[in-house]
Amino acid sequence: MSSDSAAPNPVAGQSSSEPIISLKHVNHWFGSGEERKHALKDISLDIYPGQIIICTGPSGSGKTTLLTMLGGLRSCQDGSLRILGQELFGASKEQLAQLRLNVGFIFQAHNLMMFLNARRNVRLSLELHDKYYGQDMDKIATSMLEKVGLGERVDYFPANLSGGQRQRVAIARALVSRPKILLGDEPTAALDKESGRTVINLMKEMAEKEKTTIIMVTHDNKILDVADRIILVEEGELASSEKEAAFVERMRAT
Ligand SMILES: Nc1ncnc2c1ncn2[C@@H]1O[C@H](COP(=O)(O)OP(=O)(O)O)[C@@H](O)[C@H]1O
Ligand SMILES: [Mg+2]
């Protein structure tokens with residue numbers, strides 16, 4: 001029951017709530033034999049509802065592996081992974097699929113369907129959820145696109161949108177079904193400074209309005225200020241809280 005004092009930066013007010021995501025001694029390996037790669041090493045981490053977590057660290061350190069694990073995109077091989085109160089060690093494919101309905105993803109590349117217009121791309125996300133059947137999904141998708149500032153572009157195909165606009169469609173698609181958890185893997189990497197900032201502000205606004213928990217991998221030190229906590233991944237391990245604090249200080253200074 002007691003969390004092993006692994007959370008170094010408690011956020012005000014979080015103590016009353018249970019973590020929405022809790023990892024205890026999670027390990028993950030890729031491949032087998034001599035090629036076997038120990039990608040995540042003994043990770044323990046608690047994330048609380050409504051927190052914005054930024055995950056950073058060198059290339060190849062395990063950030064994407066960790067992020068996909070936090071969203072139930074991979075099965076937990078070793079240790080305990082609890083998301084939304086459900087233990088995922090030993091979970092079935094069906095359980096993982098059910099869990100994923102609560103999770104929105106924004107990837108570096110937008111992954112939009114090029115043959116569908118913006119509205120249909122966003123609508124696709126609703127079609128995965130039984131609860132939207134019988135509702136006006138076009139209307140819901142359109143209103144989400146309006147929220148991200150694309151009300152005038154709902155009929156546009158991705159090819160006719162700018163990089164920043166496409167990423168906003170991807171955000172609308174990730175948020176339209178009101179996920180409890182939103183994951184972003186370098187969501188601003190392909191964007192210029194201004195549209196990057198717009199995208200981040202949007203995510204933050206949605207987080208506040210909907211109490212969404214956001215976990216984002218990024219190297220962008222311009223957006224550190226939105227984070228409640230910054231975690232540093234190095235060679236598959238979480239850096240100590242001292243190292244984490246020193247890193248944050250250095251980043252803020254630059
Ligand atoms: N599907 C995979 N198969 C084998 N090795 C992988 C796979 N995905 C990632 N890895 C390895 O695991 C390590 C962590 O990768 P990744 O999580 O993608 O790092 P990051 O996102 O921090 O750049 C790297 O050494 C990478 O080569
Ligand atoms: Mg990565």
Side-chain angles (χ1 to χ4, degrees), residues 6 8 21-47 51-81 83 88-89 91 93 96-97 99-100 103-112 163 166-167 170-171 173-174 179 181-192 195-196 199-200 203 213-224 226-227 229-241 243-248 250-251 254:
I21 302 174
S22 180
L23 284 76
K24 300 230 187 301
H25 305 297
V26 166
N27 286 282
H28 194 81
W29 293 268
F30 288 113
S32 56
E34 289 204 346
E35 299 287 290
R36 196 163 192 235
K37 164 92 195 168
H38 196 175
L40 295 179
K41 300 172 188 164
D42 196 34
I43 306 250
S44 294
L45 176 66
D46 285 330
I47 297 172
Q51 275 192 318
I52 300 184
I53 309 283
I54 282 185
C55 174
T56 191
S59 176
S61 60
K63 302 180 298 297
T64 297
T65 309
L66 178 61
L67 195 71
T68 47
M69 181 149 283
L70 297 177
L73 289 188
R74 340 187 144 267
S75 53
C76 177
Q77 296 172 341
D78 185 48
S80 161
L81 169 64
I83 306 179
L88 294 179
F89 176 75
K93 283 209 166 88
L96 287 171
L99 171 82
R100 268 178 233 137
V103 184
F105 293 90
I106 302 166
F107 298 97
Q108 178 175 349
H110 53 76
N111 290 317
L112 298 178
R166 282 182 214 169
Q167 199 62 324
I171 288 175
R173 181 186 54 182
I181 299 169
L182 178 65
L183 305 178
D185 198 351
E186 312 203 23
T188 60
L191 304 179
D192 62 60
S195 24
V199 159
I200 293 303
M203 286 169 69
T213 304
I214 297 185
I215 306 152
M216 192 169 26
V217 171
T218 184
H219 291 105
D220 189 349
N221 59 1
K222 293 182 295 302
I223 61 180
L224 291 183
V226 302
R229 178 171 174 198
I230 297 169
I231 59 177
L232 180 57
V233 183
E234 288 176 326
E235 296 184 29
E237 293 181 283
L238 291 190
S240 67
S241 49
K243 227 171 161 185
E244 200 174 277
F247 174 84
V248 171
R250 262 201 324 280
M251 290 276 274
T254 55

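This one's a predicted model, so the numbers in the text were calculated from it and none came from an experiment. Heavy atoms only: backbone and side chains are in, while hydrogens, waters and symmetry mates are out. Every number for a ligand or one of its atoms is a count from 1 in the order of the listing.
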Might you point out which heavy atoms bring [X] and [Y] nearest each other, and give the distance in Å?
X: His38; Y: Asn27; answer: NE2-OD1, 2.8 Å
X: Cys76; Y: Phe89; answer: O-CD1, 3.3 Å
X: Thr188; Y: Gly196; answer: CG2-O, 3.6 Å
X: Ile21; Y: Ile83; answer: CG1-CG2, 4.2 Å

TODO: Enumerate the atoms of ligand 1 whose separation from the nearest heavy atom of Ser61 is less than 4.0 angstrom.
DONE: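 Close to Ser61: 19 (O), 20 (P), 22 (O).
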
Open item on the list: Need the ligand 1 atom indices (1-based, order shown) with element for anything under 4.0 Å from a heavy-atom of Pro58.
Closed with: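 Answer for ligand 1: 22 (O).
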
Can you check whether [X] has an N/O within less than 3.5 Å of an N/O in ligand 1?
X: Arg74; answer: no
X: Phe30; answer: no
X: Ala39; answer: no

Looking only at protein heavy atoms, which one is nearest to [atom], and how far off is it?
atom: atom 25 (O) of ligand 1; result: Lys37 CE, 3.2 Å
atom: atom 18 (O) of ligand 1; result: Thr64 CB, 3.8 Å
atom: atom 22 (O) of ligand 1; result: Lys63 NZ, 2.7 Å
atom: atom 17 (O) of ligand 1; result: Thr65 OG1, 2.5 Å

TODO: Give a yes or no on whether atom 2 (C) of ligand 1 lies under 4.0 Å from any heavy atom of the protein.
DONE: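 Looking at atom 2 (C) of ligand 1, one finds that a protein heavy atom does lie closer than 4.0 Å.
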
Open item on the list: Please report whether atom 27 (O) of ligand 1 has a protein non-hydrogen atom at a separation of less than 4.0 Å.
Closed with: no

Open item on the list: Taking N, O or S atoms only and a limit of 2.8 Å, check whether Ser59 reaches the Mg ion (ligand 2).
Closed with: no

TODO: Consider ligand 1: state whether an atom of it lies below 4.0 angstrom from any non-hydrogen atom of Gly62.
DONE: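 Heavy atoms of Gly62 do come under 4.0 Å of ligand 1.
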
TODO: Say whether Gly31 and ligand 1 are in contact under the criterion: heavy-atom distance to a ligand atom below 4.0 Å.
DONE: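 Heavy atoms of Gly31 never come under 4.0 Å of ligand 1.
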
Please check this pair: side chain of [X] against backbone of [Y], looking for a donor-acceptor N/O pair closer than 3.5 Å.
X: Gln51; Y: Arg229; answer: no
X: Ser44; Y: His25; answer: yes
X: Gln167; Y: Phe107; answer: yes
X: Lys63; Y: Gly57; answer: yes

Task: Between CG on residue Leu96 and CZ on residue Arg74, distance to nearest 0.5 Å - done: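 Rounded to the nearest 0.5 Å, the CG-CZ separation comes out at 11.5 Å.
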
- [ ] Identify the residue among Leu232, Ile214, Val248, Val226 that makes a side chain to side chain contact (heavy atoms under 4.5 Å, CB included) with Ile54.
- [x] Val226

Open item on the list: My understanding is that we take every heavy atom of each candidate and find the minimum distance to atom 14 (C) of ligand 1. Doing that for Gly236, Gly60, Ser59, which one comes out nearest?
Closed with: Gly60

